[in-house]
Amino acid sequence: MSLAHWMYLLGALIIVIAMIARKNIVLLSMVFTILVAWANQGSIVKAVQALFNANLYAATQLFNIFLIIAIMVAMLKSASSIHADRLMVKPIQKLMVTPVIAYIVLVIATFLISLFFWPTPAIPLVGTLLIPAAVRAGLSPMTSAIAVALAGQGMALAGDLVLQAAPKITATAAGIPMTDVLYKGGILTTITGVIAITLAYLFQRQEDRKFAEGSLEERHRLASVLAGSTETAATLELGRDLGRRKAAAIAVLIPVLLILVIVVMLTEGLKGGDATALLGGAGALLLMVISLTKGGRNWQPWRR
């Protein structure tokens with residue numbers, strides 16, 4: 001191993017320690033980028049140039065990820081502006097009748113939604129619309145948050161079986177085919193995710209039991225606070241603003257089109273960038289349809 005390898009290893013260890021300590025790692029990453037390049041090239045000038053070139057290379061390699069996240073966030077916000085998102089998850093809310101079922105439904109719903117929309121925009125949707133229903137069913141807010149975090153930022157993001165952005169980053173860095181990361185990584189994240197989600201529920205059973213034995217009125221009050229007390233107002237606004245039938249049509253169109261995308265990906269054997277491009281294009285089409293449905297020529301899907 002050369003000096004550059006040792007410098008890279010030292011930098012990785014220090015960055016991991018900083019992450020454990022919850023410290024900012026941007027400055028550390030920049031410093032060790034210069035040090036690794038200096039050790040490798042033997043020139044401080046090239047080391048400074050490497051700091052810029054490294055960021056440029058990362059931007060070109062990761063732009064497709066930024067783009068599809070932006071499209072999915074915009075599409076989800078446009079659906080939220082006409083309250084189609086509420087209609088999409090309304091049948092799921094009715095399934096939450098007991099704490100155990102509420103926990104399972106939260107995990108499955110968060111995982112599936114995060115697969116298509118990326119966890120960052122998907123988790124606020126689940127948190128606003130599904131966690132209040134889980135709390136009413138007797139599941140404590142902490143356990144609800146754990147379920148959403150493990151299923152979304154844990155399993156869905158680590159496996160990333162639909163968008164396939166995370167496996168592409170790993171495969172490119174390791175210099176191996178993306179299919180290896182996709183399949184084997186999917187198995188690994190599924191096993192670890194199921195174990196972690198199961199243990200989390202068992203560890204929280206005592207807290208959930210106390211919460212479920214509490215006042216029903218208190219649970220409903222807490223659920224209203226978590227929901228922002230917007231459900232009644234949103235329903236009324238939905239009837240005045242767009243109409244139930246149009247919003248319901250969008251609520252049906254979104255999952256149907258995404259399911260069709262998955263079918264095409266499987267039948268055509270699309271993987272990696274091709275799969276990401278298909279899903280991103282479908283998201284852009286949905287964004288246009290929702291925007292035209294609500295605003296017509298105004299073309300401002302995010303305005304309420």
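Quick note: residue numbers are just sequence positions, from 1.
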**Report entry** Residue pair V97 / I101: nearest heavy atoms and the distance that separates them
**Finding:** CG2-CD1, 3.7 Å
Requested in this report: To the nearest 0.5 Å, tell me how far N40 CG sits from S2 OG.
Outcome: 6.5 Å
Query - In one Ile/Leu/Val/Met/Phe/Trp/Tyr side-chain cluster, 4.5 Å: V36, Y57 - result: no
Report summary line: Shortest non-hydrogen pair, A200 vs L150, comes out as CB-CD1, 3.8 Å
Query raised in the report: Do the side chain of T190 and the main chain of G186 share a donor and acceptor less than 3.5 angstrom apart?
Result: yes
Query raised in the report: Looking only at side chains, do T189 and T192 share a donor and an acceptor under 3.5 Å apart?
Result: no
Report summary line: Interatomic distance, OH@Y201 vs CD1@I146, rounded to 0.5 Å, equals 12.0 Å
Query raised in the report: With a 4.5 Å heavy-atom cut-off, do L139 and F211 have their side chains touching?
Result: no
Query - Approximate separation, where rounding is to 0.5 Å, of L95 CG and L106 CG - result: 11.0 Å
Query raised in the report: Looking only at heavy atoms, what is the nearest atom pair of D208 and S140, with distance?
Result: OD1-OG, 2.7 Å
Requested in this report: Could you give me the CA-CA distance, side-chain angles and deciding distance for L130 and V105, then say whether side-chain contact (heavy atoms from CB on, under 4.5 Å) is met?
Outcome: CA-CA 9 Å; L130 293 184; V105 170; 5.6 Å; no
Requested in this report: State whether the side chain of T110 and the backbone N or O of V107 hold a donor-acceptor pair below 3.5 Å, judged by distance alone.
Outcome: no
Report task. Apply the test side-chain contact (heavy atoms from CB on, under 4.5 Å) to residues I17 and K23: give CA-CA distance (whole Å), side-chain angles for both, the deciding distance (0.1 Å), then the verdict. Result -> CA-CA 9 Å; I17 293 173; K23 301 298 181 181; over 6 Å; no
Query - Pair I15-S29, side-chain contact (heavy atoms from CB on, under 4.5 Å): steps then yes or no - result: CA-CA 7 Å; I15 288 174; S29 300; 3.6 Å; yes
